[in-house]
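Here is how names work: the chains are called A, B, and so on, in the same order as the sequence lines, proteins then strands, and each is numbered from 1. What you see is a predicted model; the values in this text were computed from it and never measured.
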2 protein chains.
Amino acid sequence: MSVGAVSRALSADKTLSIREETRERILGAAKMLNYSPNHAARSLRMSSTGLIGLAVHDVSNPLYSDIVAGAQTAAIEAGYVLTLTDADVLATDEEVFRRLVASKAIDGILLQTVDNSADSIIAKTAKTLPVVMVNAESPNPEVGSVTVDDHQAALLATNHLLELGHRKVAYLTIDEHEDRAARRLGGWRDAMIDAGLVPQARWIVNGGHSSEGGMRAMEAIISTPEMPTAVVAANSLIALGAMKACQAAGLQVPDQVSIVGIHDFPTAAYLNPGLTVVSLPLRQLGERAVQLLLDQREGKRPVHEKLSAPAAEVIARGSTGPCPGSTHLR
Amino acid sequence: MSVGAVSRALSADKTLSIREETRERILGAAKMLNYSPNHAARSLRMSSTGLIGLAVHDVSNPLYSDIVAGAQTAAIEAGYVLTLTDADVLATDEEVFRRLVASKAIDGILLQTVDNSADSIIAKTAKTLPVVMVNAESPNPEVGSVTVDDHQAALLATNHLLELGHRKVAYLTIDEHEDRAARRLGGWRDAMIDAGLVPQARWIVNGGHSSEGGMRAMEAIISTPEMPTAVVAANSLIALGAMKACQAAGLQVPDQVSIVGIHDFPTAAYLNPGLTVVSLPLRQLGERAVQLLLDQREGKRPVHEKLSAPAAEVIARGSTGPCPGSTHLR
DNA sequence: GTGAAAGCGCTAACAA
DNA sequence: TTGTTAGCGCTTTCAC
């Protein structure tokens, strides 16, 4: 019984011919001693760590937690372990980047960013390690990416309001990736046009990317002469801020103003009123991202993929209702 | 210029005497080639990976995001990189555990758990790797831990209500670590007793650990014959559910019922009404946990530490107000 | 069916 | 001041 045989027995090498008794003795001893092959030695020899990184902007952003969950599932299924890192730290701290990425402490990296601050990382990394952008389109042919149907989400959100009889529907834009922001804005615009309405420029207000920004934006809307009766927020955190602004101004939601956000999140149902949202398949986004990463690792060309199933979906809760004064009851 | 010299120059070894010109040539070449020492080889040689793991239960729980932020900061400051993992996966999936922990892919691990499901991991791990429990007291002398002052937090929350004139103050318990739950319950009880009140057993209802649980618990309270005028929730997610239940029952918060939760979180201010909370120094908790882990790595005995500064603090928002019918205005 | 040995990329100790 | 080398723990190839 030699070290070689032990190694092969433990990794369940099918090509190893060995006496059954010997194999059992090996397995038994390993269990007994609680033996696990040393990660560093293994990685060095195999030039593969079995780890895949997911760099996220703001780990605790409730809107994106499903992405993490999905990636987790897919990674484990594929025999990998997922480790999360702070995307901003990675982009900012040269040393962290070296230690984790440039040194190949991981086999590949998923990037869930919110702006282009990580573009330099990407450029540096893509030659070394497979990289996949999650929820943003890759500007770089060496980097894969997956997105969801942002246009459709905003379209659905707007249509939901239109069906409730609203005509003056404002839109609170998001400060994140420009392309993503543009796609969502486009969804609102197209829905308005399809309904024969004119998407007024003054109904478009920058909602930032947080509740704080949403509140400011809604305050601006409220002070508008001809105030809209409904608002689509480019994400649900913005929507939350918008609700707060309404409440502060003494406006009833949904009786006087209807609000809908993009992305469902755990506490949306527990707000007062519950927030109507459009949900997107973020869990599947995370899963798919891992699969693409693994494909790249096997030498496939990086691709961009738009996830269209499961489709975006309106989850109606209390924050949207019929347009006041409208006879258009559904 | 030999490999040895290069290695030492790149790691800024002070004991290396070398011609300035040579050093610059090395550094220049490294930058040019974008060279980073291979992580696996380095780890193997130095038997240290420079990575510290933080296993969290539910990454996206907004109540605990500050712990992650604090740990992140402290890790980087100490020259380490923090990687997050799902605590439940780690506890459940034997293979993931081996690959990450038993194989020493990381130098130590921080555990932020919510029950005792990870106890078996801890036992297995502590002999191999430094382990520190975050926000829960270690049951094991080989494992360090840090907690915050749960008793004080609940005491403050209750006193806040008492000062507003409330006499009948219910308590929604939490389903998490028993010791933590007990300490918070004790804080409520002591505050009541200190105020000369009797902490009625029927005012204690299990709120689970989520908004869903909080809602159920509050429904139970509402159907109580002599309904309390105020509620302390053992965490803010529970409080959120309690608010929802009040709203569903047509009860005004805070006019008819006051609600306070433990732990501040980003969207608490954006609720309707804003949620009054008691904040605890979670960021510092994360920082301290990393420091203790590093201390253990250097051979110090694992210790348990209770963080009492910065002190817990009431952040009054809209969900608490004077007791209806009370003349006890502050 | 089993054992021996090379070598992954690096650091640290030692030799020159 | 600079160069050489052993060896970290593992997997895999090759010889037996």
TODO: Would you mind reading off the distance between B:Lys104 atom NZ and D:dC8 atom P, rounded to a whole angstrom?
DONE: 14 Å
Task: Qualifying residue for side chain to side chain contact (heavy atoms under 4.5 Å, CB included) with A:Val146, from A:Asn135, A:Val132, A:Ile67 - done: A:Val132
Open item on the list: Please report the distance, rounded to the nearest Å, between CG in B:Asn38 and P in D:dC8.
Closed with: 18 Å
- [ ] Verify whether the ring centers belonging to B:His57 and B:Tyr64 lie closer than 6.0 Å.
- [x] no
TODO: Check each of A:Leu100, A:Thr125, A:Val56 against A:Leu90 using the side chain to side chain contact (heavy atoms under 4.5 Å, CB included) test, and report the only one that passes.
DONE: A:Leu100
Task: A:Thr73 side chain to A:Ala69 backbone, donor-acceptor under 3.5 Å - done: yes
Open item on the list: Any side-chain N or O of A:Tyr35 below 4.0 angstrom from OP1/OP2 of D:dG9?
Closed with: no
Open item on the list: So if I apply the side chain to side chain contact (heavy atoms under 4.5 Å, CB included) rule between B:Arg42 and each of B:Pro37, B:Ser36, B:Ser7, which one comes out positive?
Closed with: B:Pro37
Task: Nearest-Å distance for atom pair CG/P, residues B:Leu44 and D:dA6 - done: 17 Å
- [ ] Side-chain contact test, heavy atoms from C-beta onward, threshold under 4.5 Å: evaluate it for B:Leu54 versus B:Thr85 and give yes or no.
- [x] no
TODO: Could you tell me whether A:Arg8 contacts a base, only the sugar-phosphate backbone, or nothing, with contacts defined as non-hydrogen atoms closer than 4.0 Å?
DONE: base
Task: 4.5 Å side-chain heavy-atom contact, A:Arg99 and B:His39 - done: no
Open item on the list: Can you identify which nucleotide, out of D:dT4, D:dT12, D:dT2, has its nearest atom closest to the B:Val3 side chain?
Closed with: D:dT4
TODO: Kindly say if A:Arg45 contacts the phosphate of D:dG9, meaning a side-chain N or O under 4.0 Å from OP1 or OP2.
DONE: no
Open item on the list: Reading DNA chain C in the 5' to 3' direction, which nucleotide is the first one with an atom under 4.0 Å from a heavy atom of chain B, and which is the last?
Closed with: C:dG9 to C:dA12
TODO: Might you point out which heavy atoms bring A:Leu84 and A:Leu82 nearest each other, and give the distance in Å?
DONE: CD2-CD2, 4.0 Å
Open item on the list: If you assign A:Ala41 and B:Thr22 each to the DNA chain D nucleotide with the nearest heavy atom, which residue ends up on the more 5' nucleotide?
Closed with: B:Thr22
- [ ] Work out how much the helix from C:dG1-D:dC16 to C:dA16-D:dT1 bends between its end axes, five pairs an end, to the nearest 10 degrees.
- [x] 50°
Open item on the list: Minimum heavy-atom separation for A:Ala71 and A:Val290, please, with both atom names.
Closed with: O-CG2, 3.6 Å
